[in-house]
Amino acid sequence: MNPTIALPTAFESSSPKERHLTVFPEIPLFTRHSNNPILTRQDWPYPINSVFNAGATLLPDGDTLLLCRVEDRRGLSHLCAARSANGIDGWHIDSRPTLMSNPTEYPEEIWGIEDPRITYVPELEQYAIAYTSFARGGPGVSLALTRDFRSFERYGVIMPPEDKDAALLPRRIGGFWALIHRPVTTLGAHMWISYSPDLRHWGSHKVILEARRGGWWDANKIGLCSPPIETSRGWLVLYHGVRQTASGSIYRLGLALFDLDKPEICLRRGDSWMFGPEAPYERSGDVNDVVFPCGQTLAADGDTIHLYYGAADSCIAMATGSIRALLSWLDANSEATNAVNS
Ligand code: BMA
């Protein structure tokens with residue numbers, strides 16, 4: 001549920017001179033909650049290895065629902081719902097897995113299901129969950145619809161391997177559903193958009209944002225984080241960039257803005273990352289140095305974002321940000337562009 005955000009003129013573009021002065025913001029764009037991590041494996045009602053990378057949404061009663069990726073002690077993942085009145089604590093966690101892989105009917109899920117992104121789709125009056133299905137062919141994108149996070153209509157794999165990091169836009173664009181995803185091709189690990197008349201048949205595939213090259217923080221591999229946020233200026237997209245280092249990968253977050261009516265057009269892309277692993281629970285875990293948001297909720301003010309992210313592939317944390325501040329930062333830290341690459 002992403003209402004369009006009206007922006008005051010104070011947040012219009014700043015000059016290139018200011019841009020250089022504001023590359024590293026003094027005020028963090030996202031503030032970590034003091035209770036972090038808000039969910040760990042110790043909270044779980046059954047034995048697990050880890051809980052991370054949760055999709056998020058607000059339910060009609062105002063509760064926050066997280067659809068968490070839970071890794072069991074075989075190393076395989078399933079999804080489990082946790083509900084809370086304030087989105088911080090007092091979680092009611094389903095006593096059993098909410099959505100398990102079903103390899104008999106869906107062989108693409110033989111090694112589990114991961115990293116759900118939830119989009120509420122008003123036209124369907126349902127939530128669409130795009131998640132990673134994992135099997136011998138590699139990770140692919142699967143889709144399921146639900147009204148209540150108790151029963152699910154599975155659409156099976158909609159993007160074959162190797163593909164992941166997908167979310168559906170909440171409404172049709174020019175009559176077609178639109179899915180952002182991240183296939184890996186000989187071109188690299190870039191973000192693409194595809195369109196469908198019925199959520200089952202997909203085409204008009206286009207690259208929308210390329211991984212940069214060389215020394216950039218987002219060189220070689222990027223992917224969508226949480227579902228795009230609709231604002232009056234465009235679709236605001238958080239994406240992750242992966243920096244390969246001698247001691248492993250670092251997953252950090254960047255920002256980009258895409259045209260509302262033609263979401264394959266990138267209007268702005270931030271130069272630097274704006275959130276990265278710093279807290280101990282982000283720096284150290286099953287996979288060190290990872291922040292990986294799969295969902296956010298928007299407060300009643302229409303501006304405050306509660307960003308839910310997996311930390312070090314071990315636990316779930318929350319950080320608070322402002323859509324206005326993110327757009328203002330993007331203006332100050334990017335070039336306007338119509339190109340997919342920079
Ligand atoms: C990505 C995904 C995420 C994971 C991240 C860091 O490729 O598989 O699920 O959090 O790697 O391990």
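Index from 1, following the sequence. Predicted, not measured: the structure shown is a model, and the values here were computed from it. Just so you know, ligand 1 is whichever comes first in the structure, and atom 1 is the first atom listed for that ligand.
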Inset, instruction - Determine the interplanar angle of the W111 and F134 rings, folded into 0 to 90°, and report it as parallel if under 30°, tilted if 30 to 60°, perpendicular if over 60°. - result: perpendicular

Legend entry - atom 11 (O) of ligand 1: nearest protein contact (heavy atom, Å): Y251 OH, 3.1 Å

Inset, instruction - Anything under 30° is parallel, anything over 60° is perpendicular, the rest tilted; go ahead and classify F292 against H240. - result: tilted

Legend entry - Interfacing atoms of ligand 1 (cut-off 4.0 Å, heavy-atom, N53): 3 (C), 4 (C), 9 (O), 10 (O)

Legend entry - atom 9 (O) of ligand 1: the protein heavy-atom neighbour that sits closest, reported with distance to 0.1 Å: D115 OD2, 2.5 Å

Legend entry - Residue pairs fulfilling ring-ring contact (aromatic ring centres under 6.0 Å, His included) with at least one residue in residues 169-203, sequence neighbours excluded: none

Legend entry - Ring-face cation contact, Y46 with R96, 6.0 Å cut, 45° max: no

Legend entry - For atom 12 (O) of ligand 1, the protein heavy atom that lies nearest, with its residue and separation: D313 OD2, 2.7 Å

Legend entry - Region of T132 that comes within reach of ligand 1 [heavy atoms, distance under 4.0 Å]: neither

Legend entry - atom 8 (O) of ligand 1: the protein heavy-atom neighbour that sits closest, reported with distance to 0.1 Å: K164 NZ, 3.1 Å

Inset, instruction - Compute the ring centroids of W217 and Y239, then answer whether they are less than 6.0 Å apart. - result: yes

